[in-house]
Participant: 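Structure provided below as structure tokens; questions to follow.
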Amino acid sequence: MRHIRAFHGEAAPPTEAGSLLHAAFDVDAIATGYRSFIDRWGGSVPPGGAADDMALQLLLHTDWLELVRDAPYLPAEHVPEDWPAARAEELFRELARRCEPGASRIADEMLDRIDLAGGAVTEGAGVEEPGAG
């Protein structure tokens with residue numbers, strides 16, 4: 001906890017919270033980040049040429065986390081009416097739900113082939129167990 005710094009504050013009159021928010025954050029750049037996410041992920045072809053749902057899930061989550069780490073959740077009453085954050089989050093959640101079953105199936109198949117306890121790969125993976133042969 002020694003590395004965490006938190007505070008709570010309110011704008012005192014005559015300061016207006018909206019102008020303070022725009023002075024503290026590059027609101028246009030944050031909106032551009034959300035719009036870029038929507039443009040990249042909102043089409044019919046996923047970006048990056050993902051070969052399967054697991055690759056797609058990894059790309060999607062990486063892109064989303066990179067965006068939200070740099071973009072604070074700004075109060076709706078102080079951002080433009082066409083603020084793209086909600087649409088970007090809806091798109092992320094929709095795509096994440098869509099690729100989850102396939103990504104889980106691929107992960108399960110991969111894990112079924114690996115003996116995590118003994119280090120040997122199980123039947124069907126083409127690797128002999130230690131001492132065999």
Side-chain angles (χ1 to χ4, degrees):
M1 290 289 216
R2 69 177 193 218
H3 299 290
I4 296 175
R5 304 288 186 262
F7 68 93
H8 172 81
E10 294 180 25
T15 303
E16 198 271 322
S19 63
L20 187 61
L21 181 123
H22 286 267
F25 299 101
D26 188 346
V27 175
D28 291 336
I30 294 168
T32 297
Y34 283 119
R35 286 188 189 100
S36 293
F37 180 88
I38 293 167
D39 290 345
R40 254 188 324 278
W41 289 95
S44 59
V45 178
D52 56 40
D53 283 346
M54 180 178 263
L56 181 66
Q57 184 183 54
L58 180 61
L59 289 171
L60 174 66
H61 281 257
T62 300
D63 204 21
W64 179 251
L65 289 174
E66 195 173 286
L67 173 64
V68 297
R69 284 185 181 131
D70 294 335
Y73 285 104
L74 301 175
E77 65 269 18
H78 299 298
V79 294
E81 198 171 301
D82 63 344
W83 189 244
R87 173 64 189 124
E89 186 167 356
E90 288 169 11
L91 177 61
F92 166 75
R93 291 184 186 283
E94 174 187 328
L95 294 173
R97 271 192 305 273
R98 206 181 298 164
C99 65
E100 176 61 32
S104 291
R105 187 178 57 255
I106 293 166
D108 289 345
E109 289 170 4
M110 289 172 59
L111 292 174
D112 282 346
R113 295 182 180 172
I114 300 172
D115 176 4
L116 297 176
V121 180
T122 61
E123 179 181 323
V127 176
E128 294 182 17
E129 291 191 34

Participant: Could you go through the ring pair (Phe, Tyr, Trp, His ring centres under 6.0 Å) check for Phe37 and Trp64 one step at a time?
Facilitator: CA-CA 8 Å; Phe37 180 88; Trp64 179 251; 5.1 Å; yes
Participant: Could you tell me which non-hydrogen atom of Pro80 sits nearest to which non-hydrogen atom of Val27, and how far apart they are?
Facilitator: CD-CG1, 4.4 Å
Participant: Hey, could you give me the CZ/CG distance between Arg87 and Asp82, rounded to the nearest 0.5 Å?
Facilitator: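 These two atoms lie 14.0 Å from each other.
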Participant: Does Glu10 have more than 12 heavy atoms from other residues, nucleotides or ligands lying within 6.0 Å of its CD?
Facilitator: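 No - once you tally the heavy atoms of other residues, nucleotides and ligands closer than 6.0 Å, there are 12 at most.
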Participant: Indicate yes or no: at least one non-hydrogen side-chain atom of Ile30 is less than 4.5 angstrom from one of Pro72.
Facilitator: yes
Participant: Mind checking the CG-CG spacing from Leu58 to Asp53? Nearest 0.5 Å is all I need.
Facilitator: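 If we round to the nearest 0.5 Å, Leu58:CG and Asp53:CG are 12.5 Å apart.
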Participant: Minimum heavy-atom separation for Ile38 to Leu91, with atom names?
Facilitator: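 It is CA-CD2, 3.9 Å.
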Participant: Do Val68 and Phe92 come within less than 4.5 Å of each other through their side chains, counting heavy atoms only?
Facilitator: no
Participant: Which heavy-atom pair separates Pro84 from Ala31 by the least distance, and what is that distance?
Facilitator: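 Closest approach of Pro84 to Ala31, heavy atoms only: CG-O, 3.5 Å.
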Participant: Flag the pair Arg35 and Asp28 as a salt bridge only when some basic side-chain nitrogen lies within less than 4.0 angstrom of an acidic carboxylate oxygen.
Facilitator: no
Participant: Checking Ser19 side chain against Glu16 main chain: does a donor-acceptor pair fall under 3.5 Å?
Facilitator: yes
Participant: Output yes when a side-chain donor or acceptor of His61 lies under 3.5 Å from a complementary backbone atom of Leu56, and no otherwise.
Facilitator: no
Participant: Could you give the distance from CD (Glu100) to CG (Leu95), rounded to the nearest 0.5 Å?
Facilitator: 13.0 Å
Participant: How far does OG of Ser104 sit from CE of Met54, to the nearest 0.5 angstrom?
Facilitator: 7.5 Å
Participant: How close do Leu21 and His78 get, counting heavy atoms only, and between which atoms?
Facilitator: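 Closest heavy-atom pair between Leu21 and His78: CD2-O, 3.8 Å.
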Participant: Just how far is it from atom CZ of Phe25 to atom CG of Leu74, taken to the nearest 0.5 Å?
Facilitator: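 The CG atom of Leu74 is 6.0 Å from CZ of Phe25, to the nearest 0.5 Å.
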